[in-house]
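Structure first, commentary second.
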Amino acid sequence: MKTLLLVVLVLIANMTFLAQSKSDAKAAADIRTVMETQTAAWNRGDIEGFMQGYWKSEQMVFVSGTNVARGWQAALDRYKKSYDTKAKMGTLTFSDLEINVLAKDSAAVLGSWKVTLADGKSSGGKFTLIFRKFKEGWKVVHDHTS
């Protein structure tokens with residue numbers, strides 16, 4: 001009887017793990033799609049399209065170097081000021097992505113970014129993004145980029 005109970009408990013635990021793994025894989029794929037959409041928008045010079053991956057809220061936080069921008073509009077304004085031409089935007093790539101689903105509606109992403117300009121010069125760094133899932137999909141609520 002104890003053995004049967006143990007087998008049932010192990011099966012239930014495995015089924016829960018498999019369901020969670022499937023759910024986590026779907027969330028990670030959805031987040032990756034958001035980031036691919038952002039990259040495509042950036043590379044065509046569409047900052048507002050890029051910003052669609054962010055939570056359009058005054059509570060959204062963007063940290064870069066020693067600067068903290070609070071709110072979606074502030075982040076958009078900062079991007080538009082820094083990248084006022086397509087040439088300054090260059091070509092963006094994300095790499096080394098580690099997507100860690102924390103719960104059914106939150107995830108953390110660690111990765112690298114690189115912008116390459118037409119003359120071959122490039123800059124890059126690391127980032128940590130916190131995503132939350134809203135009814136309209138996954139959005140970045142906190143971005144810390146170096």
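Any value given below was found using the heavy atoms of this structure, including those in side chains, with hydrogens, waters and symmetry copies removed. Computed from a predicted structure; not experimentally measured.
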Could you list the donor-acceptor pairs under 3.5 angstrom formed by side chains in residues 136-146, with sequence neighbours left out?
{"from": "Lys139", "atom 1": "NZ", "to": "Gln52", "atom 2": "O", "distance (Å)": "2.7"}
{"from": "Asp143", "atom 1": "OD1", "to": "Thr145", "atom 2": "OG1", "distance (Å)": "2.5"}
{"from": "Asp143", "atom 1": "OD2", "to": "Tyr54", "atom 2": "OH", "distance (Å)": "2.5"}
{"from": "Ser146", "atom 1": "OG", "to": "Lys126", "atom 2": "O", "distance (Å)": "3.4"}

Ring pair (Phe, Tyr, Trp, His ring centres under 6.0 Å) involving Trp72 - partner list, sequence neighbours excluded
none
Specify the closest pair of heavy atoms between Val115 and Leu92, including all atoms of both residues, with the distance to one decimal.
CG2-CD1, 3.9 Å
Who pairs with Tyr79 by ring pair (Phe, Tyr, Trp, His ring centres under 6.0 Å), at least two apart in sequence or on another chain?
Trp42, Phe50, Phe62
Of all the heavy-atom pairs spanning Gln38 and Gly53, show the shortest one and how long it is.
NE2-CA, 3.8 Å
Output for pair (Asp84 CG, Met89 CE), nearest 0.5 Å, gives 10.5 Å
When clusters are formed by joining ILVMFWY residues with side-chain heavy atoms under 4.5 Å apart, either directly or through shared neighbours, do Leu110 and Ile130 land in the same one?
no
With sequence neighbours excluded, what pairs up with Val109 under the side-chain contact (heavy atoms from CB on, under 4.5 Å) test?
Ile31, Met35, Leu97, Ile99, Phe127, Leu129, Phe131
Please give me the minimum heavy-atom distance between Asp96 and Ser112, naming the atom from each residue.
OD2-OG, 3.0 Å
Are Asp77 and Lys81 close enough for a salt bridge, meaning some N to O gap below 4.0 Å?
no
Using only atom types and a distance under 3.5 Å, with no angle test, would you say the side chain of Thr85 pairs donor to acceptor with the backbone of Lys88?
yes
Considering only Ile, Leu, Val, Met, Phe, Trp and Tyr, and joining two whenever side-chain heavy atoms are under 4.5 Å apart, list the other residues clustered with Val61.
Val63, Val68
Point-to-point distance, once rounded to the nearest 0.5 Å, from CZ of Arg44 to NZ of Lys86:
10.0 Å
Between CG on residue Asn100 and CD on residue Glu98, distance to nearest 0.5 Å:
9.0 Å
Please report the shortest heavy-atom distance between Ser122 and Lys114, naming the atom on each side.
OG-CE, 3.5 Å
Between Ala75 and Met51, what is the shortest heavy-atom contact and its length?
CB-CE, 3.8 Å
For Glu48, give me all partners under side-chain contact (heavy atoms from CB on, under 4.5 Å), at least two apart in sequence or on another chain.
Asp46, Leu76, Lys80
